[in-house]
Amino acid sequence: MYSPKLIVVSNRLPFVLKKNSEDELERVPSAGGLVTAVGPVVIQGNGLWVGWPGPNYKSGTPIPESSPEDASPSAKLLSSNIIPVEIDQNLMNNFYNGCCNATFWPLFHLMPDKAVFNVDYWQAFRKANFLFAETVISALNKQSKKSTEKESTLIWLHDYHLMLAANTIREVVHKTTITGIELEEFHILTAPDLKNANFKLAFFLHIPFPPWDILRIFPWVDDLLQGLLGNDMIGFHTKDYCMNFIECCRRGLKCRVDTENLLVEHGARTIKVCPLPIGVPYERFQELARNASNVIKEPGIKLILGVDRLDYTKGIQNRLLGFQRLLEKKPDLIGKVTLLQIAVPSRQDVKEYQDLKEAMDKLVGNINGQFSTPKWSPIRYIFGTVRQEELAGYYRDSDVALITPFRDGMNLVAKEFVSCQIKNPPGVLIISPFAGAAEQMEEALIANPYEIDDIVDTLIRALEMPNDEKMLRINYLKQREQSQDVHFWMKSFLKVMGEIIESDGEDIRP
Ligand code: ADP
Ligand code: G6P
């Protein structure tokens, strides 16, 4: 197995730094598939994780170790494994709230009408990517000074926040000009020790990649594609996203492409494109489900579950409208079924997200006002973060998981729900065909979130499904999630990188 020194780079570190009552910084871990899969490899190989520790971090402040009570997957990451990137508030506003979440997020989720195009956002995006690249280069410098032998390093960049970083790293190392960047705006970088450094650059996109007709709306599309092509390998969740990316390179940059072997030629280099559907820590969720306390459930009342970040791509309002129409169509279900919607607050500085919060509060109020009885309310709505231990109990004890994104890169909630099904009869999964996960999860029920009546009919089918059919479907779904879990994803990634190195040597070409 290829086991390089790993430098993982993501916008967020696996924890946020918050001030405690003594005004000291401490880690607040964020759960997530990425840290579960990648964390152990970073720890074992004494690798590094580069990222933003949150707004409380100021350059030069030491990163605290995790507290002894911290049992999260990131707890074992020592401060020596962490390289923080400080981003000031003004830059963060234009980079993260602006370009990442008001431009790329809606555009890549096929909602161009919601996307804001603004040159200041784009400049901030380039600047932030430059800062990340700069930090990676100093990490490489440190590593190459420390290492006695000619070790190979794998720089693994994650997600849409960092789409330009690879090209910048490559250009700085090879001392070529940074395409289109007015250098005086930035620190001038030199990388004297890296001429002979052995490293590869890989990128994984956790959200969908749009087709050319959508991507071309972005005014600086060529720079964006060139930024991505600075990598040696680019991974996506599905084959469709891979094909979209390859087609964008062919149409936008006139690259030569090989759609059979998923290759893009760019200058003298060939970039490998690869579908790598992420999984979840299946065994961990099984254990959480076995140990979770019972969810308070009225006897005889069925539970439909929704779990999401509060995001307009998740189709939560249509889910609620579907549930409302179900109760109108089948009044015998009044008092017999509850929808539990758990929504984590997300990106609250972005207007679309504030609007969604308001619209949700109103809709939940309307539906509850329409149907509630003195003893029962149709919707239980939690606006907040729930601990994974508790979440596993909700997954386990729900009769139906209703997952209705208009578009979703993968959707881990669907996989976590399946991994927690340990009861007999198990729950039924309903998923939108527009979530990446639906491509693999053939045995789930499919509901089109744009068609409210389809949500209603699919809910009825799920609520009335015979127990043996539920069991048959969930067993297939569980087998797949168990064998293609998050560790399988990590191994598959390392295997692809190993093959790339074997076929073209360890040097990178400018
Ligand atoms: P996205 O990456 O767009 O947020 P995913 O479904 O792929 O969507 O991943 C969401 C992750 O956030 C899952 O791991 C899920 O367990 C977690 N999550 C979602 N809602 C909550 C919540 N209310 N409390 C805690 N964790 C949550
Ligand atoms: C999606 C993105 C991640 C992001 C997460 C939470 O999963 O793919 O990169 O970290 O949402 O969003 P946030 O904006 O809070 O980081």
Side-chain angles (χ1 to χ4, degrees), residues 8-16 28-38 51-55 72-73 87 92 95-102 104-106 108-109 157-163 203-209 236-237 241 277-282 284-285 288-289 305-316 340-350 352-353 380-395 401 403-420 429 431-432 434-438 441 486 489:
V8 177
V9 195
S10 58
N11 177 47
R12 280 185 191 280
L13 282 171
F15 53 80
V16 177
V28 178
S30 29
L34 187 61
V35 61
T36 313
V38 178
W52 179 65
S72 72
I87 304 179
M92 201 60 184
F95 158 65
Y96 171 76
N97 291 326
C99 202
C100 295
N101 291 327
F104 290 136
W105 183 266
F108 280 46
H109 285 84
L157 305 158
H158 285 269
D159 231 352
Y160 59 105
H161 316 86
L162 300 176
M163 289 190 284
F203 178 85
F204 189 83
L205 188 73
H206 292 258
I207 66 172
F209 197 88
F236 299 94
H237 285 308
Y241 306 158
I278 199 168
V280 293
Y282 178 90
R284 179 175 153 77
F285 274 98
L288 287 172
L305 179 69
V307 176
D308 318 74
R309 268 184 315 100
L310 192 63
D311 195 298
Y312 53 82
T313 58
K314 303 287 181 184
I316 310 174
L340 170 61
Q341 177 61 52
I342 307 176
V344 205
S346 179
R347 306 176 191 164
Q348 290 295 289
D349 293 328
V350 181
E352 289 283 348
Y353 290 77
R380 277 159 64 193
Y381 178 45
I382 301 175
F383 178 59
T385 304
V386 171
R387 285 179 313 116
Q388 258 188 353
E389 290 75 4
E390 201 183 334
L391 201 53
Y394 290 121
Y395 286 142
I403 297 175
T404 53
F406 295 126
R407 193 80 183 160
D408 208 331
M410 174 54 82
N411 195 287
L412 296 180
V413 167
K415 294 178 166 234
E416 292 169 3
F417 172 77
V418 164
S419 310
C420 287
L429 173 65
I431 190 163
S432 150
F434 312 119
M441 300 179 112
V486 74
W489 175 74

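Counting convention: from 1, in listed order, for ligands and their atoms alike.
Closest heavy-atom approach to atom 10 (C) of ligand 1 within the set I403, D159, N411, V413: this belongs to V413. Checking H161, H206, R347, R12 against atom 1 (C) of ligand 2, the nearest heavy atom belongs to R347. Residue nearest to atom 8 (O) of ligand 1, selected from Q341, K314, H237, E416: K314 (by heavy-atom distance). Comparing Y160, Y96, F204, W52 against atom 14 (O) of ligand 2, the shortest heavy-atom distance belongs to Y96.
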- Task: Walk me through it: do F204 and H237 pass the test ring pair (Phe, Tyr, Trp, His ring centres under 6.0 Å)?
- Result: CA-CA 8 Å; F204 189 83; H237 285 308; 5.1 Å; yes
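Within ligand 2, counting atoms from 1 as listed, the ones closer than 4.0 Å to a heavy atom of R309 are 6 (C), 11 (O). Listed by number with element, the atoms of ligand 1 under 4.0 Å from a non-hydrogen atom of V307 are 19 (C), 20 (N), 21 (C).
Heavy-atom distances between S346 and ligand 1 stay at or above 4.0 Å for every pair.
Considering both main-chain and side-chain atoms, G384 comes within under 3.5 Å of ligand 1 through a nitrogen or oxygen pair. Polar contact with ligand 1: present for R309 (N/O pair, distance under 3.5 Å). Backbone and side-chain nitrogen or oxygen atoms of V386 are examined, and one is located within less than 3.5 angstrom of a nitrogen or oxygen of ligand 1. Taking any N or O of D159, backbone or side chain, at least one lies under 3.5 Å from an N or O belonging to ligand 2.
Counting heavy atoms closer than 4.0 Å to ligand 1, residue H206 contributes nothing at all. Contacts with ligand 2 closer than 4.0 Å are made by side-chain heavy atoms of I207 only, the backbone lying farther away. In L391, the part holding a heavy atom less than 4.0 Å from any atom of ligand 1 is the side chain. At a heavy-atom cutoff of 4.0 Å, ligand 1 is contacted by the side chain of Y395 but not by its backbone.
The aromatic ring centroids of Y160 and F108 lie 6.0 Å or more from each other.
Residues N101 and Y312 come closest through the heavy atom pair O-OH, 4.2 Å.
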